[in-house]
2 protein chains.
Amino acid sequence: MKWTDLDENWCPVARTLSVVGDRWTLLILRDCFLGKSRFGEFAASTGATRHIVASRLKRLVDAGILTKVAYSRRPARFDYQLTDKGRELSPALGVFRDWGKAHLPVRRRALS
Amino acid sequence: MKWTDLDENWCPVARTLSVVGDRWTLLILRDCFLGKSRFGEFAASTGATRHIVASRLKRLVDAGILTKVAYSRRPARFDYQLTDKGRELSPALGVFRDWGKAHLPVRRRALS
DNA sequence: TTTTGTCTGTTCTTATTTGGAACTTTGCGC
DNA sequence: GCGCAAAGTTCCAAATAAGAACAGACAAAA
């Protein structure tokens, strides 16, 4: 089955995942909740390629989760800001954060 | 950046996503929360290929989110059951479900 | 004024992952 | 024995991602 078929799925979880259901998209959203808003910040912070960042931002804007606001014309520069709709996803990221803290400690050698 | 590098990321969200951060994995988890537990059920319900289902189940078991319990030896047949650790992810799926219900209604022609 | 740097993308080629279908193994019921 | 089921595995083609370079439009420095 194709990923794109999911947006018409009977299940609301599947439909949501058709928009935000991949690693990079969710990491970009994490950045948004941390206050980041620019293309370069997302690319640097997530480690995704610029290509991926561009495609994911496009999808998030299309879905109404982010809005693209120009803070400079000539040269064109943009902020990507969370909409109210986007902010409603915050609790999910919170769950992932808490779960990661609790169950996936960073393995480091002799930090103590 | 490779997906696998994420499991050592400083960010707990990124580490969590290194395990559950893809569409099919999250759909399989949804099925688990709905009471499904078998390979065939996951494959049929999610629409993912058997190949994908196999690899995702393997990852979830490795991460301690599911346990593989044999309900038949010869032929070998298994149930995949949520662990307590896995059940802690339930609220995240709840957020996705509610968000999908609220913002991504299924478009149908003249059902009313 | 030439150079360097920044920001937001796009394009290109290669590598990895996925999709789709067939095949395997181990039985069961007829 | 014959067809069927469950849980995977294997194979090849197609789609997606990685990595790096390139581009356009400026600003600031040399």
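Here is how names work: the chains are called A, B, and so on, in the same order as the sequence lines, proteins then strands, and each is numbered from 1. Note that the coordinates shown come from a computational prediction; the quantities given were computed from them, not determined experimentally.
In terms of phosphate contacts, A/Trp24 brings a side-chain nitrogen or oxygen within less than 4.0 Å of OP1 or OP2 of D/dA18.
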Between side-chain atoms of residues 96-103 of chain B and protein atoms elsewhere (two or more places apart, or another chain), which donor-acceptor pairs fall under 3.5 Å?
| residue | atom | partner | partner atom | Å |
| --- | --- | --- | --- | --- |
| B/Trp99 | NE1 | A/Lys85 | O | 2.8 |
| B/His103 | NE2 | A/Glu88 | OE1 | 2.8 |
| B/His103 | NE2 | A/Glu88 | OE2 | 3.3 |

**Asked** Stepwise, does the side chain to side chain donor-acceptor pair (under 3.5 Å) test hold for B/Arg30 with B/Thr46?
**Response** CA-CA 9 Å; B/Arg30 172 205 64 181; B/Thr46 63; over 6 Å; no
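Between the side chain of B/Asp79 and the backbone N or O of B/Gln81, no donor-acceptor pair lies under 3.5 Å.
Taking the charged nitrogens against the carboxylate oxygens, A/Arg59 and A/Asp62 have no contact shorter than 4.0 Å, which rules out a salt bridge.
Regarding B/Asp22, its CG atom lies at a distance of 20 Å from the P atom of D/dA15, rounded to whole Å.
Between B/Phe42 and B/Leu57, the closest side-chain pair of non-hydrogen atoms falls below 4.5 Å.
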**Request:** Any chance you could list the contact pattern along nucleotides 6-12 of chain C? Use B for base contacts, S for sugar-phosphate-only contacts and - for none, protein heavy atoms under 4.0 Å, 5' to 3'.
**Result:** BBBBBB-
